[in-house]
2 protein chains.
Amino acid sequence: MLTNASKYAIRSVLFLAQNSNIDKKYGAKYIADELDIPVHFIAKLLQPLVKKGIISSLKGPNGGFYFTPDNGKFKVCDIIEVIEGKNIFDSCFLGLPKCGDSNPCPVHHIVAPFKSELLKKFNMSLNEFKEDMDNLGTFLTLPTKK
Amino acid sequence: MLTNASKYAIRSVLFLAQNSNIDKKYGAKYIADELDIPVHFIAKLLQPLVKKGIISSLKGPNGGFYFTPDNGKFKVCDIIEVIEGKNIFDSCFLGLPKCGDSNPCPVHHIVAPFKSELLKKFNMSLNEFKEDMDNLGTFLTLPTKK
DNA sequence: GATATAAAAGATAATTTAGTCTTTTATTTA
DNA sequence: TAAATAAAAGACTAAATTATCTTTTATATC
Ligand code: SF4
Ligand code: SF4
């Protein structure tokens, strides 16, 4: 459903949202180690996200990637869109040509509500999403690491 | 989540389950046209399914692929396993290393029940699955075609 | 038995996704 | 202003997925 690229990107952005700010930046190397992602790969992925404004970065010593309240106005969906190009939630489960509520496949009643719940979640702003994680105690970086 | 290969295979098997029997066989060409799948690709995919016993086939004139009550004892999961190699439902949504009920990611409460429902469905025998489709009026081949 | 038919088998090609490596540019600090 | 640092940019390699093409084998029918 999601490519590795998207998964990596989402986790990285959320890591920055939770742990960084303008005075506390993280290099690609650190993020890669922390989230167990190939260094060069994540470095590439973060570039377009910076360009889009979903995360911030600064070159040079004491530079790195970081997150500002402004960055938090974007949504998880935006990350996916930047990385994948477009609507990843178009192609559905069995890849039928013209299906949907009126022509449901055998798993539509399972897939459709799942999709809409997920989409609702992914349409939250990153700031909200972060709040939620704090409140619900959900994790992205696992406790075993670091 | 599922590769094209799996999707194609599932749809083809279900098509045969619904429409074929030992006296009514369908060639790869027909199936491909009907389900809008590349001919050579589906022909390749069906081979291992026959070998496994999930569908039946006969060479020569009047030959083709078909479905018997015995074939119907297999499950959708078996199709996926044959095509993909193994447990496709292992790798999860955000690809975290050590997550789960006790270390949930932000979407675990959405993904976990979806996964278990889907797995329940895919663990039904193909005979049961077929029954279900007839009863619920769900489709795989769309009415527009043929 | 010869011929036609259709699956089985195998080799190959194209595309997408994943991952790596090198060079350039911006920024800080000494 | 020189050196060090880290992102940005770009070129490249590898692997998996998707798809195509060709040859062989089994079966039915004439
Ligand atoms: S789950 Fe719904 S949208 Fe997805 S393939 Fe089935 S019918 Fe189509
Ligand atoms: S949904 Fe559950 S199993 Fe899947 S990545 Fe999140 S925590 Fe892990």
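Letters go in sequence order (proteins before strands), and every chain restarts at 1.
Residue contacts shown for A:V50 are limited to sugar-phosphate atoms, with no base heavy atom under 4.0 Å away. Residue contacts shown for A:L46 are absent, as no nucleic acid heavy atom lies under 4.0 Å away. Using a 4.0 Å heavy-atom distance criterion, A:A43 is classed as making no nucleic acid contact.
Using a cut-off of 4.0 Å between Lys/Arg side-chain N and Asp/Glu carboxylate O, B:D134 and B:K130 are scored as not salt-bridged.
Rounded to a whole Å, the NE2 atom of A:H40 is 13 Å from the C1' atom of C:dT23. The nearest whole Å value for the distance from the NZ atom in B:K25 to the P atom in C:dT5 is 16 Å. To the nearest angstrom, P of C:dA8 lies 17 Å from NZ of B:K52. Rounded to an integer number of Å, the gap from A:L45 CG to D:dA7 C1' is 14 Å. In this structure, B:K59 places its NZ atom 6 Å from C1' of C:dA7, rounding to the nearest Å. Between the CD1 atom of A:I42 and the P atom of D:dA8 there is a distance of 12 Å, given to the nearest Å. Look at CG on B:L58: it is 18 Å from P on D:dT25, rounded to the nearest Å. If you measure from atom NZ of A:K7 to atom P of C:dG19, you get 11 Å, rounded to the nearest angstrom.
Distance from the side chain of B:K44 is smallest for C:dG10 among the nucleotides D:dT18, C:dG10, C:dA18. The side chain of B:F65 sits closest to C:dA8 out of C:dA8, D:dA4, D:dA19. Here D:dT20 is the nucleotide among D:dT20, D:dA9, C:dT20 with the atom lying nearest to any side-chain atom of B:F41.
Between A:S57 and D:dA8 there is a side-chain polar atom (N or O) within less than 4.0 angstrom of OP1 or OP2. Residue A:Y8 places at least one side-chain N or O closer than 4.0 Å to OP1 or OP2 of C:dG19.
Summary of the strand contacts: A:L2 and A:P61 both lie near DNA chain C, and taking for each the nucleotide with the nearest heavy atom, the more 5' one is attributed to A:L2. Summary of the strand contacts: A:N62 and A:K51 both lie near DNA chain D, and taking for each the nucleotide with the nearest heavy atom, the more 5' one is attributed to A:N62.
No more than 12 heavy atoms of other residues, nucleotides or ligands sit less than 6.0 Å from atom CD1 of B:I22. Sparse packing is recorded around CG of A:N62, with 12 or fewer heavy atoms of other residues, nucleotides or ligands lying under 6.0 Å away. The number of heavy atoms from other shown groups lying within 6.0 Å of NZ (A:K52) does not exceed 12.
Aromatic pair B:Y26/B:Y66: centroids not less than 6.0 angstrom apart.
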